[in-house]
Amino acid sequence: MSRKISRALLATTALAASVIMAPSANAASYNLQGWATQCGGTTGGGSATPVTVSTTSAFVSAVGSSSTSVIRVSGTISLSSMTKVASNKTIIGVGSGATITGHGLNVSNASNVIIRNLNFTNWADDAINVQYSTRVWIDHNSLRNGYDGAIDIKRASDCVTVSWNKISSHDKTMLLGHSDDNGSEDRGKLRVTYHNNWFDGTNQRHPRVRFGNPVHVYNNYYGGVTSYGVASTEEAGVLVEGNYFENTRDPFHRGEGSSDPANLVARNNHFVNSGSGDQGGSVKSIPYGYTLDSASSVKSIVQGGAGVGKVG
C-alpha cells in the first residue's frame with residue numbers, strides 16, 4: 001500500500017509537497033505531472049482535429065500557425081533552420097519512426113505546447129529550445145547525436161515538464177538558464193520538473209541549473225554519465241530524489257565552471273558504482289502532488305518506458 005511521506009521529513013528539507021512513495025514498479029504514469037500542471041495547466045492543441053504532416057513545408061506551416069492544433073508527424077522532417085513553434089500546439093510523432101533532423105524546434109514567446117514521441121538527430125543548434133515560454137510538456141522523445149543542447153530551457157521560461165525522454169550519444173544534454181547574468185529575468189521563473197528520463201552514456205547537464213527554485217529532478221535513470229549528472233548554481237534550488245545513478249562518478253554537485261554554487265537537496269536516490277554527490281542548503285516547496293517510485297526500481301521502469309514508441 002502506498003504511504004504518505006511525513007510532514008516532519010518535508011519540513012527538515014524545506015519542502016512541503018504531497019508525495020506518495022510507491023513500493024511497486026507499476027506506479028509510474030505517462031500522464032502529465034510536475035510543473036507543467038501549474039500556471040493554468042498544459043493541454044496543447046487539446047481536442048482539435050488532428051492533422052498529419054509528412055513534408056517539411058507542411059510541418060513548418062502547421063507548427064507556426066496561430067491556430068490551436070494537434071499535429072501528427074509522419075516520417076522524417078529535415079529542417080534547414082530552427083523552426084518556430086507557436087502557442088497551443090500538440091506535436092506528436094506517429095509510431096516510432098517520426099524524426100526531426102538537421103535543426104530543431106524553437107518554442108519562443110509561446111505558451112501551452114506539447115512535444116511528444118519524436119526522434120531528434122543531428123541537429124545543428126539545439127534539438128528543443130524553450131525561451132520566454134510557459135506551460136510546456138516535452139515527453140517521450142528520443143534524442144541523440146546533436147551539436148548543442150538536446151533540451152535547453154532559458155530566458156524566463158516557466159512551468160515546464162520534461163519527462164520520459166531518452167538521450168544518448170550526446171554531450172550537452174539539458175541546460176536550464178543560459179547565463180549567470182540573467183537573474184533579473186530568471187529569478188522566480190525556470191521552474192521545471194525532470195522525471196523518468198533516461199540519460200544513456202551522455203556527458204553533462206542533466207540538468208545544469210541557474211536561478212530556478214524549486215527545480216524537481218526525480219525518478220530518472222543515469223546510466224554511465226561521463227562528466228556529471230545534476231549541477232545547481234546561481235541561486236537555484238534543486239530537489240534530486242528517487243533517481244537511479246549507475247556508473248556515474250559525479251551524480252550531482254553545487255557550482256559548475258564559473259557559476260556559483262547554489263542549493264541542492266538529495267534524498268532516496270540509488271547508487272550503483274557511482275559517487276555519493278554533493279548537497280547543501282534548502283529548496284522551496286514543491287506545489288504539486290506526485291507519485292514517487294522506489295529508486296531501486298527506476299532503472300527497469302525507465303528503460304521500459306522512456307523514448308519513442310510508447311505513446312502516439
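In this chain, numbering begins with 1 at the start of the sequence shown.
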(request) Compare every heavy atom of N117 with every heavy atom of K310, then report the nearest pair and how far apart it is. (result) N-OD1, 4.1 Å
(request) Could you go through the side-chain contact (heavy atoms from CB on, under 4.5 Å) check for V73 and I91 one step at a time? (result) CA-CA 7 Å; V73 181; I91 306 169; 3.9 Å; yes
Any side-chain donor paired with an acceptor under 3.5 Å for [X] and [Y]?
X	Y	result
D180	S259	yes
D139	S163	yes
Y288	Q33	no
N220	N197	yes
N122	N145	yes
N109	K84	no
N112	T43	yes
T226	N203	yes
Q204	D171	yes

(message) As a quick check of understanding, evaluate side-chain contact (heavy atoms from CB on, under 4.5 Å) for V230 and L264, giving each step before the final call.
(response) CA-CA 9 Å; V230 182; L264 191 151; 4.3 Å; yes
For the pair [X] (side chain) and [Y] (backbone), establish whether a donor and an acceptor sit closer than 3.5 Å, ignoring hydrogens and angles.
X	Y	result
H206	R208	no
S300	S297	yes
T56	S78	yes
T42	A36	yes
S111	S87	no
N182	G177	no
N119	A98	yes
T55	A58	yes
T99	T76	no
S133	A110	yes

What about [X] and [Y], same hydrophobic cluster or not, with Ile/Leu/Val/Met/Phe/Trp/Tyr joined at side-chain heavy-atom distances under 4.5 Å?
X	Y	value
I128	F59	yes
V240	V160	yes
V85	F120	yes

(request) With Y221 as reference, evaluate F245, Y194, Y244 under the ring-ring contact (aromatic ring centres under 6.0 Å, His included) test and give the passing residue. (result) Y244
(request) Could you walk me through whether N269 and Y222 pass side-chain contact (heavy atoms from CB on, under 4.5 Å), step by step? (result) CA-CA 11 Å; N269 296 290; Y222 294 77; over 6 Å; no
(message) Just to verify, which of D260, N263, D278 counts as forming a side-chain hydrogen bond (donor to acceptor under 3.5 Å, both in side chains) with R254?
(response) D278
So do the side chains of [X] and [Y] get within less than 4.5 Å of each other, counting heavy atoms only?
X	Y	answer
P214	W35	yes
D158	Q38	no
I115	K89	no

(request) Drop me the distance from E185's CD to L190's CG, to the nearest 0.5 angstrom. (result) 9.5 Å
(request) Assess the pair H195 and Y290: is the distance between their ring centroids shorter than 6.0 Å? (result) no
(request) Apply side-chain contact (heavy atoms from CB on, under 4.5 Å) to V63 and L105, showing your working. (result) CA-CA 9 Å; V63 301; L105 304 182; 5.5 Å; no
(request) Kindly assign one of parallel, tilted or perpendicular to the pair H253 and Y228, based on the angle between their ring planes and the thresholds 30° and 60°. (result) tilted
(request) Any pair with a residue in residues 126-154 that passes ring pair (Phe, Tyr, Trp, His ring centres under 6.0 Å), sequence neighbours left out, goes on the list, sorted by first then second residue, please. (result) Y30-H140, H140-W164
